[in-house]
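Below you'll find the structure, written out as structure tokens, and then a few comments.
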Amino acid sequence: MKIDLLSCDAQRPDKRAIANCIAEISSNMNESLSHELTDILLEGDPVDIEVEDKNSGSALRALRKLGIDYKIIE
């Protein structure tokens, strides 16, 4: 499943927690790329990630907990 991460509306976003979450939920993602994508997201630009279907429910919950708005692409 592809997810478009649109923005983070948390008052004080935790960059490390967001990067760890992106690295854990996305398939084929290393830590340095997840940190780069976190920076892009927090600057206000959308980010596309690929999530395995078996982890989709927990991935979406983790994103909501961090205050990340997302849109499911497929």
Distance check, rounded to the nearest 0.5 Å: Arg16 atom CZ versus Cys21 atom SG? 14.0 Å
Which other residues belong to the hydrophobic cluster containing Leu66, where Ile, Leu, Val, Met, Phe, Trp and Tyr are joined when side-chain heavy atoms lie under 4.5 Å apart, directly or via other members? Met1, Ile3, Leu5, Ile18, Ile22, Ile25, Met29, Leu33, Leu37, Ile40, Leu41, Leu42, Val47, Ile49, Val51, Leu60, Leu63, Ile68, Tyr70, Ile72
Is it the case that more than 12 heavy atoms not belonging to Asn28 sit under 6.0 Å from its CG atom? no
Quick one: OG1 on Thr38 to CD on Glu43, what's the gap to the nearest 0.5 Å? 11.0 Å
Tell me every residue that passes side chain to side chain donor-acceptor pair (under 3.5 Å) with Lys15, counting only those two or more places apart in sequence or in another chain. Asp39
Output for pair (Asp14 CG, Cys8 SG), nearest 0.5 Å, gives 9.5 Å
Got a sec: does the CD of Glu31 have more than 12 other heavy atoms crowding it under 6.0 Å? no
Separation between CZ of Arg61 and OG of Ser56, rounded to the nearest 0.5 Å: 9.0 Å
Closest non-hydrogen atom pair, Gly67 against Asp9: O-OD1, 2.6 Å
Show your working on side-chain contact (heavy atoms from CB on, under 4.5 Å) between Lys71 and Leu6 and close with a plain yes or no. CA-CA 7 Å; Lys71 177 175 66 172; Leu6 303 173; 4.1 Å; yes
